[in-house]
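Some notes on the structure that comes next.
In what follows, chains are A, B, ... by sequence order, proteins preceding strands, each numbered from 1.
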Amino acid sequence: MTFAEIQAQANLEWEALNNGGRPQITVGTATCGRSAGAMAVVKAFEEELQAKGIDAALVEVGCIGPCYAEPLVNIKKPGWATVSYRNVTAEMAREIVAAFLLGDDPLAKYALGVFGEGEIAGIPNILSTPAFKPQERRVFRNCGTIDPTNINHYIANDGYIGLNKALGMRQEEVVDVMKRSGLRGRGGGGFPAGRKWEAGLKAKGTQKYVVCNADEGDPGAFMDRAVIEGDPHSVLEGMIIAGYTIGADTGYIYVRAEYPLAIRRLERAIQQAHEFGFLGQNILGTNFSFEIRIFPGAGAFVCGESTALTLSIEGKRGMPRVAPRPRTTEVGLYDKPTLLNNVKTFSSAPMIITRGAEWFASVGTEKSTGTAIFALTGKVQNCGLIEVPMGITLRDIIYDIGGGIADGGQFKAVQTGGPSGGCLPESLLDTPIDYDSLDAAGSIMGSGGMVVMDEKTCMVDVARYFLDFTEIESCGQCVPCRLGTKQLLDILKDICSGRGKPEDMDLLYELSHSVHGGSVCGLGQTAANPVLTTLRYFRDEYEAHINDRCCPAKVCKSLISYVIDKEKCVGCTLCAKSCPVQAISGEKKKIHSIDQALCVQCGVCLEKCPKKFSAIACVSPKVKQEES
Amino acid sequence: MEERLQTVLAPYKGKRDMLIPILQQVQAALGYLPDDAMAEIARTTGLPESRVYAVASFYAQFRFTPRGKHTIMVCRGTACHVRGAEKILEETERTLGIVEGETTKDLEYTLETVACIGCCALAPCIMIDEDVEAKLTPKMVSEIITGRNTA
Ligand SMILES: Cc1cc2nc3c(=O)[nH]c(=O)nc-3n(C[C@H](O)[C@H](O)[C@H](O)COP(=O)(O)O)c2cc1C
Ligand code: SF4
Ligand code: SF4
Ligand code: SF4
Ligand code: FES
Ligand code: FES
């Protein structure tokens, strides 16, 4: 088949699904949807459609974005706008079928909103809500709308057009388009993709490789997985275009073994791409041939670093190359020239080739073009995966898209860039999201984690948390990284446990600079960022810990006590029964008290004491035994 | 075990650069990497045993002790951390009577931590085998585990 014939066939299938007169039900069944119960919802729809004899299409799709509202279901009924339902249960699924598919009641009370043509009274249009209006779904163009296991859905949505077009261009022309698009690597560093592709093309050698980095090590980010689970062909297409451009015949996808669904989706997509002639020998009738292999990573954060990643594929310990540190584009996998990019970088390439560099650069800022994707989590109302034009401010993201702080809390900090990034305070909320502005503020763009923190988050503890992570994950080759992260961690632990000394803050600064300066890879070079930014913006919290032995957020266990208010306790005994270490004593209907020597600060009693009494409080600094 | 091991290893004779996939498949088949399996992997690939151990111990995925029937993974990702994952882990440890990385004596549960389960929106979470328990409090954790045991 020619590409035009493949497209015609795919379009027919897509048209029939969307405008064939049948209602269409789509359920988000990416990992997060599944954990919220999406598979039970799919089953309920299946059974109910069959029981009621309704002819409808049931499609499983990837991440739709608003993960807080999972399981998410969209229903497109002919003649109606598409209704999106939130937090759907099996029960609700049956109800929706009865009311909306059999009848004409769209059940507004369950709806998140409508989109597409038309309006429905009582349900807002999703795209005009503050949570969605600022968003621009480009990398997520197909996530949540197509069936990721069906290649025809991808093709019908402009899939593989970029590849077909690229194959008719000279390699230098592809590089030129990529350069003009201004696309910067989405793996965190922001290196211009076009320049990397150019270096890959210019590198000497007959054997070259393309490698996709899907290691996704930031422990608070899951967008690469969402892209793979929801739109795997976009990543494959980007890699094939890259292979053609630099003259490689093999690509590897290094994907975390903890992502089994993503791996299954990739395997299936690779097989289909072969069947359709997008992979294998003589792709689309040209003399270009390309294969893609999947390599499941075995769980080491440092393997996300380019040189460590390629060594890991070779079956070795994934330690970054120390010296000499050649460019991966020249000496990479098996010492051959290797083009290594992040998942989102590859999945951006097809649309850049298809729609042009100017289109891509039409959103974003001058030096950071296109969109940014974040996993917006933490103490924010609407957690989920978002895609926004570069240049939008942190405030817009947190307050409009995120809906502000959860549970009526007070904003304290926002963390981007994971263990390599920093915590920014309220005063920097108007910082625009782009590589250079975040860098200047002391954080980094990173690969997309964005964790919002409120007054109940202790910033010293957050620094300790990240150092705990990097200390474990340091591969240990560079002494300043291995010992420096350990020393930083020890000091932070001391401060958190009430043993901090006034000179510790200066010591943290000094150590931070030596870890930064003496490390060969990004892990060590950026390991101190969480310490430096919290010291810079939240110095008062360090001082409270050190000088007053007080943890203002009441997180650090050594600095807090749980106490019972004698005035409020009615002696219901609930707390005493639930204390795991029997630290609470008191008779029925008598005032209870906590033995501070036994208490392990688990907080269960506070949770147990009935709201109407609220007799238990958490205080810092610690109380003496007799006061409780 | 011998037989299962041989089936897994058969296609990999002399394939040194497949060491990590081999380790993954052996672990999938046996649940962990016992000493004799490690020796067998070394023989099959032709790599020194020390090298096989060096690689396996580098990656968090590989385990050298037998596992419980069920695995409980407590997420220690950032989103879960700021929503109290530490307390969740402690309560799980207390309820099971073991610490992270250990297996209960009755071989019922193995307790591990994981960097992020990917449902940060529902933090804090734990995963019991394939099921995710989300939006937890310490109280819920002990109830879920004791509930399973009495069920
Ligand atoms: C310790 C460490 C961990 C990293 N982890 C990742 C990762 O999980 N995913 C990723 O794409 N890049 C990661 N990187 C960045 C990669 O080294 C590399 O720059 C990137 O994958 C290149 O792709 P890009 O140009 O498309 O951004 C990491 C770097 C370091 C130093
Ligand atoms: S900086 Fe740290 S992680 Fe990176 S190579 Fe050196 S020791 Fe290893
Ligand atoms: S905090 Fe935990 S250990 Fe302390 S008294 Fe309350 S329930 Fe008992
Ligand atoms: S639960 Fe509250 S009211 Fe009841 S005994 Fe304990 S402290 Fe008193
Ligand atoms: S909406 Fe399900 S992964 Fe985000
Ligand atoms: S941080 Fe726990 S699920 Fe992501």
Side-chain angles (χ1 to χ4, degrees), chain A residues 31-32 34-36 66-68 70 216-222 225-226 257-259 295-301 303 312-319 334 375-379 382-384 415 418 449 451-454 456-457 461-462 465-466 469 475 578 580-581 600 602-604 607-608, chain B residues 15-25 27-28 45 47 51-52 54-62 73 75-87 90-91 94-95 113-123 125 127 130-135 137-143:
Chain A
T31 297
C32 93
R34 285 171 190 234
S35 57
C67 304
Y68 61 95
E70 292 267 26
E216 195 149 67
D218 172 357
F222 53 102
R225 188 185 68 188
E258 293 99 322
Y259 287 0
F295 190 94
F301 175 63
C303 284
S312 182
I313 295 180
E314 294 171 25
K316 301 180 180 140
R317 290 155 68 97
M319 303 228 217
Y334 299 112
L376 181 61
T377 62
K379 306 284 185 67
N382 306 335
C383 292
Q415 211 277 348
V451 184
V452 177
M453 302 171 181
D454 67 0
K456 291 190 193 125
T457 316
D461 174 70
V462 165
Y465 164 79
F466 281 117
F469 183 88
C475 81
S578 64
V581 295
V600 294
C602 73
V604 169
E607 209 191 312
K608 267 274 157 146
Chain B
K15 300 222 163 137
R16 291 164 168 240
D17 57 351
M18 295 300 276
L19 180 56
I20 293 170
I22 294 173
L23 290 165
Q24 285 169 335
Q25 294 192 21
Q27 179 162 297
T45 52
L47 288 165
R51 171 72 191 287
V52 177
V55 170
S57 61
F58 183 82
Y59 296 97
Q61 194 193 355
F62 300 118
M73 288 209 271
C75 178
R76 59 175 173 93
T78 318
C80 287
H81 180 78
V82 303
R83 284 185 178 264
E86 210 129 318
K87 281 189 173 157
E90 281 166 18
E91 192 56 30
R94 217 174 358 250
T95 313
T113 57
V114 55
C116 173
I117 301 176
C119 13
C120 319
L122 309 172
C125 357
M127 206 150 126
E130 301 265 291
D131 299 328
V132 176
E133 302 282 351
K135 295 198 171 173
T137 64
K139 189 176 105 192
M140 286 164 72
V141 170
S142 58
E143 283 168 4

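- Neither the backbone nor the side chain of A:Ala375 comes within less than 4.5 Å of any heavy atom in chain B.
- For the atom pair A:Phe222 CZ and B:Cys120 SG, the distance stands at 4.5 Å (nearest 0.5 Å).
- Taking chain A as the reference chain and counting heavy-atom pairs below 4.5 Å, the highest number among B:Gln24, B:Glu90, B:Met127 is found for B:Gln24.
- Contacts between B:Ser142 and chain A at a heavy-atom distance below 4.5 Å are absent for every atom of the residue.
- In this structure, the portion of A:Ile313 lying under 4.5 Å from any heavy atom of chain B is its backbone and not its side chain.
- For the set B:Val132, B:Asp17, B:Thr78, B:Asp131, the count of heavy-atom pairs under 4.5 angstrom toward chain A peaks at B:Thr78.
- Here B:Arg51 is the residue among B:Met18, B:Arg51, B:Arg16 with the most heavy-atom pairs under 4.5 Å with chain A.
- Among all heavy-atom pairs drawn from B:Tyr59 and A:Ala300, the shortest one is CD2-CB, 4.0 Å.
- Note that NZ of A:Lys316 and CG of B:Leu19 are 11.5 Å apart. Values are rounded to the nearest 0.5 Å.
- The nearest pair of heavy atoms linking A:Val451 to B:Ala79 is CG1-CA, 4.4 Å.
- No donor-acceptor pair under 3.5 Å is formed between the side chain of A:Thr377 and the backbone N or O of B:Ala121.
- Of all the heavy atoms in B:Val55 and A:Gly315, the pair that sits closest is CG2-O, 3.7 Å.
- A side-chain contact (heavy atoms from CB on, under 4.5 Å) with B:His81 is found for one member of A:Phe466, A:Phe469, A:Tyr465 and no other, namely A:Tyr465.
- The greatest number of non-hydrogen atom pairs below 4.5 Å with chain A, out of B:Cys116, B:Gly84, B:Ala56, is found for B:Cys116.
- With a 4.5 angstrom heavy-atom cutoff, A:Tyr259 does not touch chain B via any of its atoms.
- If you measure heavy-atom distances from A:Asn382 to chain B, you find no contacts under 4.5 Å at all.
- When all heavy atoms are compared, the tightest approach of A:Thr457 to B:Val82 is CG2-CG1, 3.9 Å.
- Listed here is the closest heavy atom pair of A:Glu607 and B:Pro138: OE1-CD, 3.4 Å.
- Atom-to-atom distance recorded for B:Ile117:CD1 and A:Ser35:OG is 8.0 Å, nearest 0.5 angstrom.
- When heavy atoms are compared at a cutoff of 4.5 Å, B:Glu133 does not approach chain A at all.
- Interface check for chain B: of the options A:Gly318, A:Gly378, A:Cys383, the most heavy-atom pairs under 4.5 Å are formed by A:Gly318.
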Test log, rule side chain to side chain contact (heavy atoms under 4.5 Å, CB included), inputs A:Arg34 and B:Cys119: CA-CA 10 Å; A:Arg34 285 171 190 234; B:Cys119 13; over 6 Å; no

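- Chosen from A:Ala298, A:Pro296, A:Ala221, the residue pairing most often with chain B at heavy-atom distances under 4.5 Å is A:Ala298.
- Counting heavy-atom pairs closer than 4.5 Å to chain A, the top residue among B:Ala54, B:Pro21, B:Ala123 is B:Ala54.
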Residues B:Arg94, A:Val600; criterion side chain to side chain contact (heavy atoms under 4.5 Å, CB included); working and verdict: CA-CA 11 Å; B:Arg94 217 174 358 250; A:Val600 294; 3.4 Å; yes

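- Between the NZ atom of A:Lys608 and the OG1 atom of B:Thr137 there is a distance of 9.5 Å, given to the nearest 0.5 Å.
- Atom SG in A:Cys602 sits 5.5 Å away from atom CD in B:Glu91 (nearest 0.5 Å).
- In the displayed structure, B:Lys139 atom NZ is contacted under 6.0 Å by more than 12 heavy atoms of other residues, nucleotides or ligands.
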